[in-house]
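Report on the structure given below.
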Amino acid sequence: VQLQASGGGLVQAGGSLRLSCVVSGRTFSNDDMGWFRQAPGKEREFVSAINWSGTSTYYADPVKGRFTIFRDNAENILYLQMNSLKPEDTADYYCAVGRSSTTKLIIGLASSTSWYDYWGQGTLVTVSS
């Protein structure tokens, strides 16, 4: 299983970026997926999750209303649209394959790193003030 994340970069505060994660080696459309991030010196934290069909999504409070997670099951791609970026969004962003295939996300599980079996390599997002 391989996850290839891309789309990170340097952007000014208030700007936008779209992250992509291409998944290969498994049936992408069966899997719940998630995005996490890790800032320097901090633990990896949950950003957003989406169920296999795209009908259930969940966001961490710091990104709610600014970020949107969505997926293209035909192309095996997971996305994270990030708008109104803030300097505190600066981090490496990781996509991950969940070990569930749910009709509705189980929030306590979907936000936990231990619920994800496969991880991408990370893409760096830097937001300047």
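All residue numbers refer to positions in the sequence shown, counting from 1. Just so we're clear, the structure is a prediction, and the values are computed from it rather than from any experiment.
Atom CG of Leu109 sits about 8.0 Å away from atom OG of Ser114, to the nearest 0.5 Å. A distance of 10.0 Å separates CD in Gln38 from OG1 in Thr113, rounded to the nearest 0.5 Å. Atom OH of residue Tyr59 and atom OG of residue Ser111 lie 14.5 Å apart, to the nearest 0.5 angstrom. Between atom SG of residue Cys21 and atom CD of residue Gln121 there is a gap of 8.0 Å, rounded to the nearest 0.5 Å. In this structure, CG on Leu85 lies 6.0 Å from OG on Ser16, to the nearest 0.5 angstrom. Here Met33 contributes atom CE and Ile77 contributes atom CD1; the two are 11.0 Å apart, rounded to the nearest 0.5 Å.
Listed here is the closest heavy atom pair of Tyr116 and Ala96: CD2-CB, 3.5 Å. Closest non-hydrogen pair, Leu124 versus Thr126, comes out as CG-OG1, 3.8 Å. What you find for Gly8 and Leu19 is that their closest heavy atoms are N-CD2, 3.6 Å. Between Gly7 and Leu17 the shortest heavy-atom distance is O-CD2, 3.8 Å. Counting all heavy atoms, side chain and backbone alike, Thr57 lies closest to Ile50 at CG2-CG1, 3.8 Å. The two residues Cys95 and Leu78 come nearest to each other via the heavy atoms CB-CD2, 4.1 Å.
The aromatic rings of Tyr58 and Phe46 lie parallel to each other, their planes meeting at an angle below 30°, with 60° marking the opposite boundary.
For an aromatic pair to be called close, the ring centres must be under 6.0 Å apart, and Tyr79 with Phe70 satisfies this.
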Check against side chain to side chain donor-acceptor pair (under 3.5 Å), Thr27 and Ser29:
CA-CA 6 Å; Thr27 306; Ser29 58; 6.0 Å; no
Working for side chain to side chain donor-acceptor pair (under 3.5 Å), residues Thr102 and Ser100
CA-CA 6 Å; Thr102 58; Ser100 58; 4.7 Å; no
Kindly indicate, with the supporting measurements, whether the criterion side chain to side chain contact (heavy atoms under 4.5 Å, CB included) is fulfilled by Val47 and Tyr93.
CA-CA 9 Å; Val47 174; Tyr93 283 72; 4.2 Å; yes
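Side chain of Thr90 to backbone of Val127: a donor-acceptor contact under 3.5 angstrom is found. The closest donor-acceptor contact from the side chain of Asn51 to the backbone of Ser56 lies under 3.5 Å. Listed for the Thr68 side chain is no donor-acceptor partner under 3.5 Å among the backbone atoms of Gln81.
Hydrophobic clustering, with ILVMFWY side chains joined whenever heavy atoms are under 4.5 angstrom apart, groups Leu80 together with Val63. In the hydrophobic cluster analysis, where Ile, Leu, Val, Met, Phe, Trp and Tyr join through side-chain heavy atoms closer than 4.5 angstrom, Phe36 is grouped together with Ile106.
By the neighbour-count criterion of 12 heavy atoms within 6.0 Å, atom NZ of Lys64 is densely surrounded, having more than that number from other residues, nucleotides or ligands. Counting heavy-atom neighbours within 6.0 Å of Gln2 CD, excluding the residue itself, gives a total of 12 or less.
Taking the ring axis of Tyr118 as reference, the NZ or CZ atom of Arg26 does not stay both within 45° of it and closer than 6.0 Å to the ring centre. Remark: Arg71 qualifies as a cation-pi partner of Phe28 under the 6.0 Å distance and 45° angle criteria applied to the six-membered ring.
At least one side-chain heavy atom of Ile69 sits under 4.5 Å from a side-chain heavy atom of Trp35. Counting only heavy atoms from C-beta outward, the side chains of Arg44 and Tyr94 approach each other to under 4.5 Å. Side-chain atoms of Trp52 and Asp31, non-hydrogen and from C-beta on, never get closer than 4.5 Å to each other. Under the 4.5 Å side-chain criterion, counting only non-hydrogen atoms from C-beta, Leu3 is not in contact with Trp119.
Residue pairs meeting the salt bridge (charged side-chain N to carboxylate O under 4.0 Å, His left out) criterion with at least one partner in residues 77-91, sequence neighbours excluded, are Arg37-Asp89, Arg66-Asp89.
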